Every structure is written in structure tokens, then in C-alpha cells.
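For reference, the structure is listed below as C-alpha cells.
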Amino acid sequence: MRDLEASGQLEGLSRKEAKALASGAVRERVPLLAEEIAERVAKSGNPLFGSVEAVNGYVNIAFNGNAVAAALIEEVLRRGPEYGQGAPIAELVMVEHSQPNTHKAFHVGHLRNSVLGVAIANILRAAGYEVQDANYIGDIGMHVVKCLWCYERFHTGEEPESPEARGRWLGEVYAESDARLNFRKDVLDFLQLLATEDQAFVAVIDRLLKYLWRKGADGEDIAYLLGRIVQAQPIKDDLLREDDVIPKFWPIVGDQLRAEVAAPKPYVPVEGEPEPTMTPEQRLARWETLAARMDEWWAASPGWRDEVREEFARWEAQDPAFVALWERTREWSMADFRRIFAELGAEFDVWLYESEVDEPGKRMVQELLEIGIAEMSEGLTVVKIDEKLGLEEPTYRTMPVLRSDGSSLYSTKDLALTRRKFEELGVDRAIWVVDVRQSLYFQQIFKILELWGFEQAKQAYHLGYEMVVLPEGVISSRKGNAPLYDDVRNAVLARAREIIEEKNPELSPQRKEEVAWQVALGSLKYAMLARDNNKVVTFDLEEALSFDGHAAPYIQYAHARASRILEHAGETEESLLPKLDGLDFGALQPEELGLLQGIAALPEEIQRAAVEYRPLLIASYVYDLAKRFNDFYHACPVLTSPEPTRTARLALTAATRRTLANGLALLGIAAPEAM
RNA sequence: GCGCCUGUAGCUCAGGGGAUAGAGCGUUGGGUUGCGGACCCAAAGGCCGCAGGUUCGAAUCCUGCCAGGCGUACCA
């Protein structure tokens, strides 16, 4: 087409006509061109090409299967652990992930983050980037203050003797503090829930009110409650004149719930009404939990909130006794985290702490105020991002950057942290592996830094991923339904030990234990990674305990199988390497070809996974490769085949084994020699 | 309201312009005088949320709708 353009032949023609003319001109020349190309290719003498010929304008190249296979296998065995890796790229990428909060429990939600972060970092590293893993410990903030308040107020001296149990115990204290402080809200939310989804409850309101009246409750309170419940509106406790009206009201609510459990009515869906979220039994259980604490907690709860505020002031003032307690308890959690990360194989180049960027963050906000990016609004320091960018539609909205009492927010610290990553740590690109629910939050942080004139904000990227939920719903440490990492790991480990005992009893006890860990952790990790970032992971313990099918053990098993074949043959990668010259499969079988194609795909899969930040691609890839190996295994005997096929298949087995191991390593999953 | 995400087999998920839409689990029936059966083979099971559009061709791209989830000024 360019020739025709140059000669002016295309002037005055429509695009379509020009195309037709150009393709016509080319078509005439195609058969000649094809022959020319075929001749040149044939003359090049590439040993990977079997035959080259021109047919009707097409160039047909038949590959020399054995030569291509030998070249591929040679590369895999020669590069070993480095097979699949890309050429070095001079860019320092920091992947921040894991970010656990001290004084809180480490649960399966945190597991997804760590596993995903490690995989992303591994993949980027394999793609050629220089990568640093960073952890960012939430070692201070309101959650720590609440936990320490609850500890000092109710549990001093009760901590477990054994140091290993203290981190977990601290998490329980935190959960209790939350339950105490939110008690009134929980009670009122529960009443609203009943009003929303329990028609029988609303129907007996009249009876409840008479009961209250007899108890001498204030008439206005009763009218208020009646109105709110009938309309299923939230109840505000500060609008009640008598503080004990709810505790008085409570027993009759229990009577009603017990009656519903005793005489269950079948659920009839009503058009336009949402389905109930709880069964009558669950409602009663919830009522009982709250009832058990009603007498003490209802009255005390508001005072506790004041106490927490005082506790927070102690932190702000750096009260030495408080700081000492904070340091001591913080270490309980940190010891737990170090153990968990060691189990997960998560290693960090950089450890960052919220407590370290607290003051720098506040200074930065001062600077933002001085240059007019931040401003005071209703006593709060905010950045009105949309206004500053001149946006009409609400896009980035307004971000608070400092509490009205002058204490720091999460955002205060992240502003300073981001700056530190680029300016002090010399990072070229920074990635945050954080829950997708914080995506607006990160856009705001990055935009504020941009407004501030921070060029590198463009190299900051929030990698959001969806949360982990349970079959019965959202994980909530407040509801107490969050499966803790330790519990899940123990359950999966126990199951793995059982299966190993059953399948391979002759392994030594040490090997059994090692393999149990490899299989258990591998399964958990694979379950987290074989799902795309933007998909919710439904964590089902039953499923996690099944090691069949599309799961890590399938892939690990293929690796063990390949290892065993090589062991039987007495061959290794090193011993096979010199035998690759003139490798001869005989007639290449479809399963062999499929396997070779699978092995060859690793480098491009790594590049794609790195560009898209998607470990799922590698998870799918290794599963597919294991499947191809099983096809090969069932179709093509290795050890019993005559030479030269035997050696060729052994070499293919060794290359597969290596590729499987490399792929699993990217996901942080072990590749056992036997299992 | 606005914004982001999701909708594919009974269930959990792949596939992201190209052939008859694929796996696993579950269901039914098979396979080892073969290198490890944590495996393999076969069967049944789909208006790819709905409706338009772009294209020779759409599960895939565009628009609109429906359903669900999440976010949206002092939690992290």
C-alpha cells in the first residue's frame, strides 16, 4: 500500500477503494514472494525447520519436532531455577503487602493478602524487575488504644503464661473491647433487625408496650420506640428519656423469640420484602448473648467510651506508662506475626510501622495547610480534592487528613509513608496490595500528593483485591466468626497428615511431617490464588480439606511423580543435559507435543502475569501443565520404552519437573520430591 | 445520588474478538498380572443476567437496563 501511496495512485479514492486496489496489487505478487521467502528460509539452514515450501502463496514450514524439543529441553535444564525468567529490567518496584494490625487476630482474610502479595512480588521479580517486599505494621491507632484500655481495665495479669499464646489472647481482648464499646449499638441494631425482618415481632408490639407501661416506663419513650419499630427505623438511645427502658423491654423480646423457636412458622416470601438474614434460632442465640450482658454493660457502656478517649489522650501525650505497655504488648503480636510469615514463606526487605510515620504525617499535613491544599472545615483538616481539581461531579470527594483533635488518621500516615518510599527508599514504582474497598481512599492519597507537586505519585498503584467471605456470610471479628489462620492451618495440617499416613506410610516420620506442611500450606495458598483478584473468595473449610481435583496437591503430585521416574532411571538434570544432542522421540506423540507446548509457555505467562498483576494466570498455568503431564504419563511409558525414546522421554520428564517447580515457586508453593 | 466490581453447568471457578464455551466438585458408569489410583477415561448437565449495537464473526468490545456486592468527611 505504501508503494501505491508513494506513486500517487491512491489519490481521490475512498478508503475502501484504496484498500481493494492495494490488496489486488499485492495479491498478484504473493505467489512469487512466497517462493522467494521459502527459498531464503530454506537456505538459512535453521535446524529447527524440517521442510520449507511455498504452496499457493503460503509458506509452509514443518518443524523438526525432535530438534525443537531438544532446544527447549536444553534451555530448561540449563537455566534450571531461572527458566522462565525475563531479562533484568532496571526498575525498583516495592510491593507493600500483608499489613497486619498488632493487637488483633490474624485471620483468613489476612492470609489472602499475604499470599497474593508474595506471589505478585515473585512474579514481578521473575519478569525481570528488581523487587522489594515491604510490610506495613498497624502497630498504633484506635484499635490498639481500645485493646489496651480493655486489658488494663479488665484483664491485667490474666495473660497466658506461654509467650506463643499471648498474641492470640490479645486479639480476644481487642474483640471484647469492641463488643463492650459497641454494646448499645449492637442492641439497637438487633431491635431494628427484628423490626425489619420479623413480622411476628412487630405484631406483638402492643403486648410489649403494655408490659412496659405496667413497669412504669415513660410514656414518651414508649411512643418513640413504637414509632421506630413499626417503621423499622434506627433507634437512637440518646433520645430515650429513661436510660433503663431498653433493659426493661429486653425480657419480653426474649419471650417472643422463644415462642417463635418453639412454634416455628414456615417462611413465606413476601413480594418486595427482603429475605430474613437469620433463623429464629440464630435470633434467639443473639438475644441471649446480649441479654447476658445487658444489666452490666448497658449502663456502663457510655462511661467506657469516655475512658477510651482518656486512654487515647495518654497515647497522644506519650505517657511513659502507656508507651511501656504498648511496647510490651506489641511484641506479643509481632512474635506471632514473625512465626506466621515464616510459615507462609513470606520474607520482607523492608518493615514499616505506622507508629514511625505518625509524626512525619502530621508535619506533612501542616505543610499542606500552609500551601493551601488542605483547609479547615467544620473543625476538621481536609483536602477538598474535587474543588482543587475543578471537577464538577463528585469524583475524588473530600478527604480528612487530620482529626479535629489534632491526632492522626490512617491517611495522615499514608501521605508521609508514600513520600518516604519514593524519596528515602529510592523506589521507582510502589504497589499497595490492599483490599479493594480502599480504592477510593488510595486514589485520594495519590491525588493529594499530585496536587502537592509530587511527580512520583503517578508511579503509585493500588492493587485491590476482593475480600474473603464465609459460606454463611461476611467475615467479622466483631461477630466472632472470623476463622483464625492458626485454626485453619491446624485443621488442614491434620487432614494432610491423615492422608499421607494412608497413601505413603513408608515415608520417614520427618519426611511425612515435612510433606504434610508442604501440602497443607500449598492447598491453602492455591485456594487463595486460583481466583482472580476481583473475585470474592468464599472460604469453605470443607473444601480446603479436600485435596482432590483442581488444587495444589494435584500439581505437587505430578511433580512427585516426575521426580520418582527420574529417580528410578538414576537420572538428574545434570546427567541428562549432555544427552540432549540428537534427542529422538521417534514419532512424536500428541501428549508429548502438548507437554512441550506447555513447558514452552512459562516465560510468556510470567510476563503477562506481571503486566496484569495476576497470579491467577500462573495458578492456572501450573495446573494445566500438571494435567498435560498426567496425559503424557498415561499415554507414554517412559522407563519401559526402548532407546532412544526412553532418554527423550526422561529428558522431557526432567524439563516438566523443573517447569512445575518454577511455576509453583512463583506462587510460594513447595514442590515435594515425594508425597 | 454518584463511583467501582460481579453475573458463564446444581455448586466453586477458568476463558476476555475466531472452530462444537472449558475445568474441578457433586451425580452415573468404567480403568492398575504397566513409571505411585492424591491419577485417568466416559456419560449426563449451559438462551455465557436481559435487550440493542459494532463486526464476516461477540460469552468476550460499545450503549442501555435488571440483579447482587462494595465505597462515598474525622475506622483502618
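Just so it is clear: chains get the letters A, B, ... in the order the sequence lines come, proteins before strands, and each one is counted from 1. Being a predicted model, the structure only gives us computed values, none of them experimental.
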Report which part of the nucleic acid A:Asp532 touches: base, sugar-phosphate, or nothing (heavy-atom distance under 4.0 Å, all strands).
sugar-phosphate
Base B:rA73 to side chain A:Ser377, donor-acceptor N/O within 3.5 Å cut-off:
yes
Can you find an N or O donor on one side and an acceptor on the other, under 3.5 Å apart, linking the side chain of A:Gln438 with the base of B:rA76?
yes
When all nucleic acid strands are considered with a 4.0 Å heavy-atom cut-off, which category describes A:Tyr410: base, sugar-phosphate, or nothing?
base
Determine the contact category for A:Leu409: base if any of its heavy atoms lies under 4.0 Å from a base atom, sugar-phosphate if only primed atoms, P, OP1 or OP2 are that close, otherwise nothing.
sugar-phosphate
Reckon A:Tyr441 touches a base, only the sugar-phosphate, or nothing at all at heavy-atom distances under 4.0 Å?
base
Protein-proximity profile, nucleotides 60-65 of chain B, B/S/- by nucleotide at the 4.0 Å heavy-atom cutoff, equals ------
Hey, does A:Arg531 reach any base, or is it just sugar-phosphate, or nothing, if we go heavy atoms under 4.0 Å?
sugar-phosphate
Using a heavy-atom cut-off of under 4.0 Å over every strand shown, decide if A:Arg495 touches base, sugar-phosphate, or nothing.
nothing
Considering only heavy atoms and no angle criterion, is a donor-acceptor pair shorter than 3.5 Å present between the side chain of A:Arg561 and the base of B:rC39?
no
Give each stem of RNA chain B as a range with a range, requiring at least 3 consecutive Watson-Crick or G-U wobble pairs whose two distances are under 3.5 Å.
B:1-7 with B:66-72, B:10-13 with B:22-25, B:27-31 with B:39-43, B:49-53 with B:61-65
Which is true for A:Ala551 with a 4.0 Å heavy-atom rule: it touches a base, it touches only sugar-phosphate, or it touches nothing?
nothing
Which part of the nucleic acid, if any, lies within reach of A:Arg437 when heavy atoms closer than 4.0 Å are counted: base, sugar-phosphate only, or nothing?
sugar-phosphate
What residues 634-647 of chain A contributes to the RNA chain B interface at heavy-atom separation below 4.0 Å is A:His634, A:Cys636, A:Pro637, A:Val638, A:Leu639
Looking for any heavy atom pair under 4.0 Å, which part of the strands does A:Glu466 touch: base, sugar-phosphate only, or nothing?
nothing
Report yes or no: is there a donor-acceptor pair, N or O only, under 3.5 Å between the side chain of A:Ser439 and the base of B:rC4?
no
